[in-house]
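Only this structure's heavy atoms are used, side chains among them; waters, hydrogens and symmetry mates stay out. To find a chain, count down the sequence lines: A is the first, B the second, and so on, and within it residues start at 1.
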Amino acid sequence: MAEVPEVETLVRDLRAAVVGRRIDGAQVLRPEAVRFPAPDEFERLIAGRIVENATRRAKHMLMPLSGGLMLAVHCMLWGTLRLIERGAARPAATLIVWMLDRGEELWLLDTLGYARAALAPPEELARRLDLDSLGPEALDADFGPAVLMSRLARRRAPIKTVLLNQKVLAGLGNRDADESLWLAGIDPRRAAGGLAPAEIEELTQAIKAVLDEGIRLRGTQRDLFGVQGKARHRRNIFERAGRPCPRCGTRIQHTRIGTRNTYWCPRCQR
DNA sequence: CGCTACCTGGGT
DNA sequence: ACCCAGGTAGCG
């Protein structure tokens, strides 16, 4: 559920509603949801700090706090954040609660329980989360065909697999990789290093278009305030096996590439 | 690089 | 009563 459009939507909402606010305290309801430091340290260190900004790097949400600490949150598969008034009933899926000023709480929710938070000075956080190893951001203005070409060069793994590797390119999840390859007309099983320059050009445009559209529609899940995003029914092929390709009418195929479910049109993706 | 574990709710 | 899930770390 949480690919870049969903994460970016949450980050924009955090900038609108949480940046500038004070965190009065935190309650770690599920200790495994904090990667570091220990949960009691996490609660103690965060109290009284102001949220100075909210940014995204790949699918990490990053919040610099006053006093030289950075909070990182990763939604993994199903995690999300919710901002709500204090006293609202916390669902069983609540992993962490941050108590904010003005009587509000920020919840980290995840029924699957994989979502994680971490807290440290920015340099230590970047080192321990290996943020400097991430590839270029797909939505950066300076990400273009030349960059993608160099990142894909000589890689023999399927293009689908390589696009999901955040160290190659930061920004695609399983759904958006499939949708991008469909838009670009590229068979997901092809070797990444074997794409022609014209195909890489198409793919670059497709990736940006898919992510831009997802963000414009505010993702497929509920936002920070609980409002449902509108991208849910805007899929061309993902999870649509057996139905007609919107471009040519051919039945959409489903297979596994690596361990990941993959959907593609055998006629328009070559 | 490719595989597995992580965990719970919903789909088949 | 089984699967299986849009992500990642960690292993060999």
Task: Spacing between A:L112 atom CG and B:dA5 atom P, to the nearest angstrom - done: 15 Å
TODO: For a side-chain contact (heavy atoms from CB on, under 4.5 Å) with A:L152, tell me which candidate from A:L169, A:I159, A:V147 qualifies.
DONE: A:I159
TODO: Could you walk me through whether A:E6 and A:T220 pass the side-chain hydrogen bond (donor to acceptor under 3.5 Å, both in side chains) test, one step at a time?
DONE: CA-CA 7 Å; A:E6 288 74 25; A:T220 56; 2.7 Å; yes
Task: Along DNA chain B (nearest heavy atom to each residue), the more 5'-positioned of A:M76 and A:A92 - done: A:M76
Open item on the list: What's the gap between B:dG11 and C:dG6 when it is taken at their P atoms, as a whole Å value?
Closed with: 15 Å
Task: Min side-chain heavy-atom separation A:I215-A:R12 under 4.5 Å - done: yes
TODO: Would you kindly give the CG-to-C1' distance between A:L134 and C:dT8, to the nearest whole Å?
DONE: 11 Å
TODO: Please evaluate the base of B:dG2 for a donor-acceptor partner in the side chain of A:T161 within a cut-off of under 3.5 Å?
DONE: no
Open item on the list: Mind checking if A:R155 touches a base, just sugar-phosphate, or nothing, with heavy atoms under 4.0 Å?
Closed with: sugar-phosphate
Task: Side-chain N,O (A:H74) to OP1/OP2 (C:dG7) below 4.0 Å - done: no
Task: Distance, rounded to the nearest Å, where A:Q166 contributes CD and C:dG7 contributes P - done: 8 Å
Task: Residue whose nearest DNA chain B nucleotide is more 5′ - A:R156 or A:T259 - done: A:R156
Task: Euclidean distance, atom CD of residue A:E32 to atom C1' of C:dT8 [Å, nearest integer] - done: 16 Å
Open item on the list: Can you tell me if A:R260 touches the phosphate of C:dG6, counting only side-chain N or O atoms and a distance under 4.0 Å to OP1 or OP2?
Closed with: yes
Open item on the list: So if I take every side-chain heavy atom of A:T111 and compare against B:dC1, C:dG7, B:dG9, which nucleotide ends up nearest?
Closed with: B:dG9
Open item on the list: Closest approach to the side chain of A:R35, judged atom by atom: which nucleotide of C:dG7, C:dA9, C:dG6 is it?
Closed with: C:dA9
TODO: Between A:K167 and A:E3, just flag the one whose closest nucleotide in DNA chain C comes earlier from the 5' side.
DONE: A:E3
Open item on the list: Rounded to whole Å, please give me the gap between OH in A:Y114 and P in B:dT8.
Closed with: 9 Å
- [ ] Would you check if A:Q221 and A:T9 make a side-chain contact, meaning some heavy-atom pair closer than 4.5 Å?
- [x] no
Task: Between B:dC7 and C:dA1 - P atom distance, rounded Å - done: 23 Å
TODO: With the side chain counted from C-beta on, respond yes when A:L65 and A:L119 share a heavy-atom pair under 4.5 Å apart, and no when they do not.
DONE: yes
TODO: Ignoring hydrogens and angles, tell me if any N or O in the side chain of A:K160 forms a donor-acceptor pair with the backbone of A:D187 under 3.5 Å.
DONE: no
Task: Positions of residues 170-190 of chain A (non-hydrogen atom under 4.0 Å from DNA chain C), listed by number - done: A:G173, A:N174, A:R175
Open item on the list: Between A:R116 and C:dG7, is there a contact of a side-chain N or O with OP1 or OP2 at under 4.0 Å?
Closed with: no
Open item on the list: So A:P158 and A:R260, do their side chains get closer than 4.5 Å, heavy atoms only?
Closed with: no
TODO: Name the closest nucleotide to the A:W78 side chain, picking from B:dT4, B:dG9, C:dA9.
DONE: B:dG9
Open item on the list: Strictly distance-based, threshold 3.5 Å: is any side-chain N or O of A:E179 a donor or acceptor partner for the main-chain N or O of A:F238?
Closed with: yes
Task: Base paired to C:dG10 (Watson-Crick or G-U; both N/O distances under 3.5 angstrom) - done: B:dC3
TODO: Find the distance A:D130:CG to C:dT8:P and express it as a whole number of Å.
DONE: 12 Å
Open item on the list: Expressed as a whole number of angstroms, how long is the span from A:R256:CZ to C:dG6:P?
Closed with: 8 Å
Open item on the list: Could you tell me how far apart A:D110 (CG) and B:dG10 (P) are, to the nearest whole angstrom?
Closed with: 13 Å
